[in-house]
Amino acid sequence: MKIEDKLTASIIGAIKELYHADVSAAMIQLQKTKKEFEGHCTLVVFPLLRLSKKSPEQTANEIGEYLKQNEQTVAAYNVIKGFLNITIASEYWISVLNDIHANPQWGISKANEKAPLVMIEYSSPNTNKPLHLGHVRNNLLGNALANIIAANGNRVVKTNIVNDRGIHICKSMLAWLKYGNGETPESSGKKGDHLVGDYYVAFDKHYKAEVADLMAKGLSKEEAEAQSPLMQEAREMLRKWEAGAPEVRALWQKMNNWVYEGFDATYRMMGVSFDKIYYESNTYIEGKKKVLEGLGKGLFYRKEDGSVWADLTPEGLDQKLLLRADGTSVYMTQDIGTAEQRFADYPINKMIYVVGNEQNYHFQVLSILLDKLGFEWGKDLVHFSYGMVELPEGKMKSREGTVVDADDLMEAMIQTAKETSNELGKLDGLSQVEADDIARIVGLGALKYFILKVDARKNMTFNPKESIDFNGNTGPFIQYTYARIQSILRKASEANILIPDVIPAGIELTTKEEGLIQMLADFVNVVKQAGTDYNPSIIANYTYDLVKEYNQFYHDFSILREENESVKIFRLALSRNVGKIVKTAMGLLGIEVPERM
């Protein structure tokens, strides 16, 4: 039984005995004692004063005395105004540590076949450029969220919708035809997504030059953009693609395959994966069918020019275009088509879209439309809306080639980790293979943790140098503490000190040790809250707080040099379980922890 439940039951008994009144558990307000006061749990006495008809201090003292006499887990109490701070006995905390010690998956709930099925969409790249820093935040958030939702006992399907059609795709294709001289990933030594991205930048460069020339001949900017031969060719290529022209489709297939190979390598390095990938080139057709079906049922209306619209004014929104006059689809149509395919593939109970906050209105509209079209999860779909991520230098632009590619960023982080670790002597005595692997784990851990510790709803600036610091609220600081714990456990094993399956009671714990056990026990609630709030940063910051507390404990108390054998074994068991929870928590964030550093 959780200590809060145990205390609540005893406090209800105290009120009945002392004040002859029956109260519900809802009236008992228990919270964690603030750090500056002595105690583990604090009872807020004010709601009980109408029953006691006494001052807050007197009421708190009477309840405290009752608990000390009648509840064996209560060792002491103190009163600060209307707050009763309760200290729990060491025996109880050792029994809690034994529960954690016995459960390798403490804090994690396993799903059964009847658990709700939650689908999470993230990544959503375009096939005209490599993944960049913005995609890194999206992928890391989506992957962490999927892990956390699964840890809360749900079945999870991770999906990706690839934007593989449209004018932006044709721009890269056309530029490659015009300026590529048959260049391939093999001939250039470039990753396929980088190669295609280079031609997207090349298109923009030539297009801007054309517009400038036309404007120099007296055309306005709008006229010049409309008359640009390059843009007209790109639009013509899109028309041919829509019509299924074999040569355009073959080029499209070839260049997309280059990009997919590149994406796969990036996803592998980043440590993210998907259970199912959807492609907009398939879903937009389904979307058009679904919209026309809705039109037939009177859910939508057609304008004189042939375009199809949804009237959302009854919902306090505006009119929303679903099909253009020429019958071509818009993003909303494609999202409806993707939903149709997903619903056919999986019995979805909840749908979560991990998409930036610039799309807030889009998902507000999508939710209403899916509900109108009869998707059971439409009304309650979750738009996991996150803020933009920038570098200290400022914003990035794909067309101008000023974007930070995900591959380059990850490579730079690994290199920085290697240099920093070498400077600090953390790779001394390791083989080259071991040193390279630790640099990879630390570099990527620094990147992931720095991004995930920030509340997703906020815009953020990613600072590579700050993220790699081995002190403070960083991934390397947490990873180094984990490695330190593993080193202690290895030394204990070499000295033939065994940690038993059951840690014996009978030792008096320090406040710091009790606090650490309380934090470990709280991991269950932390995982639940992160799942309920869709907030991976809760896990990240909990892990940092836990590691910070452990490091203070490590600094203040002996472990292997402790003379009392029982205390030594207890502290080793406590260390092992701190390590276990750190590894589990970082795993939920998609971050590896090294066994040595």
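Quick caveat, the model's predicted, so the values are computed rather than measured. Numbering of residues begins at 1 and proceeds along the displayed sequence.
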Donor on one side chain, acceptor on other, Asn160 and Tyr267, under 3.5 Å: yes
Lys240 atom NZ: more than 12 heavy-atom contacts under 6.0 Å: no
Check ion pair Glu315-Lys320 (N to O, under 4.0 angstrom): no
Side-chain heavy-atom pair Leu409, Phe462 within 4.5 angstrom cut-off: yes
SB check Lys290 Glu293 (cutoff 4.0 Å): yes
Tyr449 and Thr543 side chains, donor-acceptor separation under 3.5 Å: no
Residues Lys288 and Thr333: side-chain donor-acceptor under 3.5 angstrom: no
Side-chain heavy-atom pair Lys448, Met586 within 4.5 angstrom cut-off: no
Min side-chain heavy-atom separation Ile169-Met173 under 4.5 Å: yes
Short side-chain donor-acceptor distance under 3.5 Å, Ser109 and Asn152: no
Aromatic centroids of Tyr122 and Phe274 separated by under 6.0 Å: yes
Worked check of side chain to side chain contact (heavy atoms under 4.5 Å, CB included) between Ile591 and Ile478: CA-CA 11 Å; Ile591 300 172; Ile478 294 168; over 6 Å; no
Greater than 12 external heavy atoms within 6.0 Å of Lys528's NZ: no
Side-chain donor/acceptor of Arg324 to backbone N/O of Ser307, under 3.5 Å: no
Ring center gap for Tyr260 and Tyr279 short of 6.0 angstrom: yes
Gly378 backbone acceptor or donor facing Ser367 side chain under 3.5 Å: yes
Val355 backbone acceptor or donor facing His383 side chain under 3.5 Å: yes
Ring-ring centroid check Tyr534 Phe384, cutoff 6.0 Å: no
Main-chain N/O of Ile149 paired to Asn154 side chain as donor or acceptor, under 3.5 Å: yes
Met460 atom CE: more than 12 heavy-atom contacts under 6.0 Å: yes
Flag for Gln341-Thr283: side-chain donor and acceptor within less than 3.5 Å: no
pair Asn163-His168: side-chain heavy atoms closer than 4.5 Å: yes
Side chains of Pro229 and Glu210 in contact at under 4.5 Å (non-hydrogen atoms): yes
Test item: side-chain donor near acceptor, Glu183 and Tyr199, under 3.5 Å: yes
Stepwise side chain to side chain contact (heavy atoms under 4.5 Å, CB included) test for Met270 and Met410: CA-CA 8 Å; Met270 208 183 291; Met410 288 191 286; 4.1 Å; yes
Spacing of Leu230 atom CG and Lys205 atom NZ [to the nearest 0.5 Å]: 12.5 Å
Check: Thr127/Asp164 side-chain N/O donor and acceptor closer than 3.5 Å: no
Non-hydrogen side-chain atoms of Leu366 and Gln359 separated by less than 4.5 Å: no
Tyr361 side chain to Asp318 side chain, donor-acceptor N/O pair below 3.5 angstrom: yes
Donor-acceptor under 3.5 Å (Gln479 side chain, Ile441 main chain): yes
Glu121 side chain to Gly142 backbone, donor-acceptor under 3.5 Å: no
pair Arg440-Asp437: side-chain heavy atoms closer than 4.5 Å: yes
Trace of the side chain to side chain contact (heavy atoms under 4.5 Å, CB included) decision for Asn143 with Lys158: CA-CA 8 Å; Asn143 184 63; Lys158 300 181 286 185; 4.1 Å; yes
Residue pair Lys217, Asp213: steps toward the salt bridge (Lys or Arg N to Asp or Glu O under 4.0 Å) verdict: CA-CA 7 Å; Lys217 290 173 184 171; Asp213 285 347; over 6 Å; no
Under 3.5 Å: donor-acceptor pair, side chain of Lys418, backbone of Ala439: no
Cation-pi check, Arg137 onto Tyr386 ring (under 6.0 Å, within 45° of axis): no
Enclosure of Glu376 CD (heavy-atom neighbours >12, cutoff 6.0 Å): no
Donor-acceptor pair, side chain of Asp193 and main chain of Pro130, under 3.5 angstrom: no
Audit row: Glu340, Lys289, salt bridge (Lys or Arg N to Asp or Glu O under 4.0 Å) steps and yes/no: CA-CA 10 Å; Glu340 170 75 5; Lys289 283 185 199 164; over 6 Å; no
Pair Asp305-Lys303, salt bridge (Lys or Arg N to Asp or Glu O under 4.0 Å): steps then yes or no: CA-CA 5 Å; Asp305 64 358; Lys303 285 191 177 178; over 6 Å; no
Cation over ring face, Arg249 and Trp241, 6.0 Å, 45°: yes
Salt bridge (Lys or Arg N to Asp or Glu O under 4.0 Å) evaluation trace for Glu242 with Arg165: CA-CA 9 Å; Glu242 295 250 355; Arg165 62 175 287 277; 2.8 Å; yes
Residues Asp264, Arg268: salt bridge by 4.0 Å N-O rule: no
Tyr278/Gln334 under side-chain hydrogen bond (donor to acceptor under 3.5 Å, both in side chains): CA gap, chis, key distance, verdict: CA-CA 11 Å; Tyr278 294 90; Gln334 287 154 202; over 6 Å; no
Cationic N near anionic O, under 4.0 Å, Arg457 to Asp455: yes
Beyond-backbone contact of Phe300 with Leu323, side-chain heavy atoms, under 4.5 angstrom: no
SB check Asp345 Arg342 (cutoff 4.0 Å): no
